[in-house]
2 protein chains.
Amino acid sequence: MITNLQKKYFLDLLGDENAYFDEAHRVAYCYDATKKRYMPDGVLFPRNEEDVSKILKYCNENKIIIIPRGAGSGFTGGALAHEGGIILAFEKHMNKILEIDMENMVAVVQPGCININLQKEAGKVGLFYPPDPASENYSTIGGNVSENAGGMRAAKYGITKDFVMALRAVLPNGDIIRCGKRTIKDVAGYNTAGILIASEGTLAVITEITLKLIAKPKFKKTAMGVFKSVDDAMRAVYKTMAAGVTPVAMEFLDNLSIRAVENKFNKGLPKEAGAILIADVDGNLEVLLDNDLKVINEVFSKNGCIDFKIAKNEEQSADLWFARRNCSQAITCYGSLKLNEDITVPRSKLPELLSKIYEISKKYDLTIPCFGHTGDGNVHTNVMVNKDNEDEVKRGYAAIEEIFKVTIELGGTLSGEHGIGLSKAPYMKLAFSNAEMELFRTIKKAFDPNNILNPNKMGL
Amino acid sequence: MITNLQKKYFLDLLGDENAYFDEAHRVAYCYDATKKRYMPDGVLFPRNEEDVSKILKYCNENKIIIIPRGAGSGFTGGALAHEGGIILAFEKHMNKILEIDMENMVAVVQPGCININLQKEAGKVGLFYPPDPASENYSTIGGNVSENAGGMRAAKYGITKDFVMALRAVLPNGDIIRCGKRTIKDVAGYNTAGILIASEGTLAVITEITLKLIAKPKFKKTAMGVFKSVDDAMRAVYKTMAAGVTPVAMEFLDNLSIRAVENKFNKGLPKEAGAILIADVDGNLEVLLDNDLKVINEVFSKNGCIDFKIAKNEEQSADLWFARRNCSQAITCYGSLKLNEDITVPRSKLPELLSKIYEISKKYDLTIPCFGHTGDGNVHTNVMVNKDNEDEVKRGYAAIEEIFKVTIELGGTLSGEHGIGLSKAPYMKLAFSNAEMELFRTIKKAFDPNNILNPNKMGL
């Protein structure tokens, strides 16, 4: 609990328009995309890095828990105040694009900057920021960096960490640090940025982010392949990459996902297909894209593709993407509660992963539609249950644990995009040895000896 | 100093063919590319990860300094036993390519694997490992990861850290950890690999490296542009990138470097030119390369290029590259001691950087030929002095310090490729605040509380 004296410190520092301890504000910041709720003790809107530094110094001295928060769109509870504490929200002031440096192809943004705003501004000057998490319309770059967000374009362009060149951050003791430079190469000192990325706001508060931009490719084309079996489709994914083509995205829907979309929207999708793959290719010359699509068609055909379409224009492209864009919503027909995981395996293990998931589905008598970013081995696995059926929910969680075990056995990871937060904390022991967990705790303690910054997340 | 009892431990563990304490071995491992010499107390050749774990555990308990070493080709003394201690050398046993996984486009290697061997083996199956430090023929992947080595191809493909997917490593206490996965996405737990890369062997001993490979581009072409002034050339570099073309490499030689090569080799180089730029482009379609070269030609022409050549075949390409490949050796005509730095600035600051370097050259009355990887802002700055002229050497070091200051002012870094080690340790205070240095020391202490692992490097 926070005392009146402590409240006064924050009100004096930030003004009463930037520090709130009333119920309305606390409720407004008590949730995230997990739909779990934990009431914080207050909400602060820092105006600048100096505010952040003073807040952290004070919280550190007074052992007040502080939780940095972007848009609260996370799927694992990383921004939840599950033990109380103060929410540090960047959306009000520290949400700007500070600079788009065309000469060096670099953007500098504040943590509260919304992903899509950066994509749009960069696009206006012919530049491109590829990371596109599904939450791109509302999630913040600060959150994206803290969770190391991925997205559909990761297959070709990589994920958030591949675009972070430099960070400014405030340590729990209030010290301001910079890490990295506006240069491709920088090997002076420890790669502190490397450890802050994906640290889920547990090591430092990021106050400024310098991102690499690339030249916007002039052309993009979309193709869709229909496969008899999901096994065929999964094999076609990694065979395409190994044939030297790197699609921007290579997404899949399994039969359950296809049927859910078709039943809801009647788009003429092949309801008997084992899976469909949707691929985008891009580049600066149309002939290059046509060549890529030719190779994709060849590889698909050799691997059980029964129908292959290429979109002739943007409208047709949007049509091909319709199923993928709407399947997350459509599959809610299978249950009122979606236990949604974002496991990732080496691409060649996709056929085996899917086959194991369907075995688990049978074993627990549950519907588990799968779709997602097969181009990078990332499968959104949705264990669908009826939230009022206690037994089904229990079986759902047992199925999830088994899916995690299979994923780890196949050399995969608990999370490709969403992070660990609270939701996946119980499963960390499946993925990491005692020595590895101990090292994580050592790192946490080195940065945050008083454990004030987003404590007890990530299973630490 | 190491005791006889301690020697016996290592001999019993590894056998007398893998543990040496005689003068011949100690001398053989007392140097690196800095030409400085520090005698170690012994040299161990671990056979496997278990040996490394036992050695570190024993050294930690007995406070014995241990220095991991690749090829000893580093330019900053990172592998030198400057306070004695035991050299841990991977070249004898732990030097293998363990796997090239074509389906996932991944290689798994031991730390002592020589860079070029990986490039060659990957090439045999149509895959490509881009990082190509100048030392590629002898430097090891373990060393490359520890220093986060770059190379000529960084402009397009990035540096070592961009290819590391996973590591196995041994902590100073002997604990074996894994970090990362054979997946593009993995956000479970702290990004420990991120902090081990570029840590110069001070945090853990890397025992296995999983690297991303890419499909080998089918075509490569080379062009050269001759510029009246170095200022024009430097502007052409970043204008080319901003025009949407990303050459594999974009290298430069200034007038002093051109003249040195021409005087030595008589290749018909333009001795009056302010600078030349040499660029490689690659891709899977010749038309794409031709398009890139057209854009490069246009941008160069608009920025003071007076002669532009495209190589018609591999022989002509080698001819265009001759000057760049031989300039490091040729510039020794300007002095018997080369104070060689690898400063890096944001690309748009290259013109200003070069102009400041020439001012410094005049101020200290020294010859400072420059060449290098302009495509990523990395300039090899060579302060040439006569090693027997004490005053000139002193002026040389003063010039270096001033060059570092200018580099930092321009938003650049002390080191783009070579690391800090011993040589650049005195300059760390120019680049990092007290808070940043303190954080580095905190990280070091968290991993290595007894300070046994490559101590006192990086200015810590």
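So that the names make sense, note that chain A is the first sequence line, chain B the second, and so on, each numbered from 1.
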- Message: Can you classify the ring geometry of Tyr157(B) versus Phe128(B) as parallel (below 30°), tilted (30 to 60°) or perpendicular (above 60°)?
- Response: perpendicular

- Item | Options Gly194(A), Ala149(A), Cys179(A), Pro346(A), ranked by heavy-atom pairs under 4.5 Å with chain B, top entry | Pro346(A)

- Scan side-chain atoms only and decide if Lys239(B) and Asn303(B) contain a donor-acceptor pair under the 3.5 Å cut-off. no

- Message: Can you tell me which portion of Ile197(A) sits under 4.5 Å from chain B's heavy atoms? Options are side chain, backbone, both or neither.
- Response: backbone

- Based on non-hydrogen pairs under 4.5 Å, which of Gly459(B), Ser199(B), Pro217(B), Ala155(B) is most in contact with chain A? Ser199(B)

- Taking atom types as modelled, find out whether Asn104(B) and Ser348(A) have a side-chain donor-acceptor pair closer than 3.5 angstrom. yes

- Query: Quick one: what part of Thr246(A) sits under 4.5 Å from any heavy atom of chain B, side chain, backbone, both or neither?
  - Reply: neither

- Query: Asn454(A) and Lys457(A): side-chain donor and acceptor closer than 3.5 Å?
  - Reply: yes

- Message: In terms of relative ring orientation, are His373(A) and His380(A) parallel, tilted or perpendicular, with 30° and 60° separating the classes?
- Response: perpendicular

- Item | Option passing side chain to side chain contact (heavy atoms under 4.5 Å, CB included) with Phe447(B) (candidates Ile195(B), Thr202(B), Asn173(B)) | Ile195(B)

- Message: Just so I understand: if I count every heavy-atom pair under 4.5 Å between each of Met165(B), Glu417(B), Glu200(B) and chain A, which residue has the most?
- Response: Glu417(B)

- Message: Given heavy-atom pairs under 4.5 angstrom as the criterion, report whether the side chain, backbone, both or neither of Leu439(A) touches chain B.
- Response: side chain

- If you tally heavy-atom pairs under 4.5 Å between each of Ala242(B), Gly150(B), Gly412(B) and chain A, the highest tally belongs to Gly412(B)

- Task: For each of Ala215(B), Ala435(B), Gly126(B), Gly416(B), tally heavy-atom pairs with chain A at distances under 4.5 Å, and name the one with the top tally.
- Result: Gly416(B)

- Message: Looking only at heavy atoms and a cut-off of under 4.5 Å, which of Ile184(B), Asn284(B), Asp292(B), Asn434(B) has the most pairs with chain A?
- Response: Ile184(B)

- List for me each residue that meets side-chain contact (heavy atoms from CB on, under 4.5 Å) alongside Pro351(A), sequence neighbours excluded, and say none if there are none. Asp231(A), Met234(A), Tyr238(A)

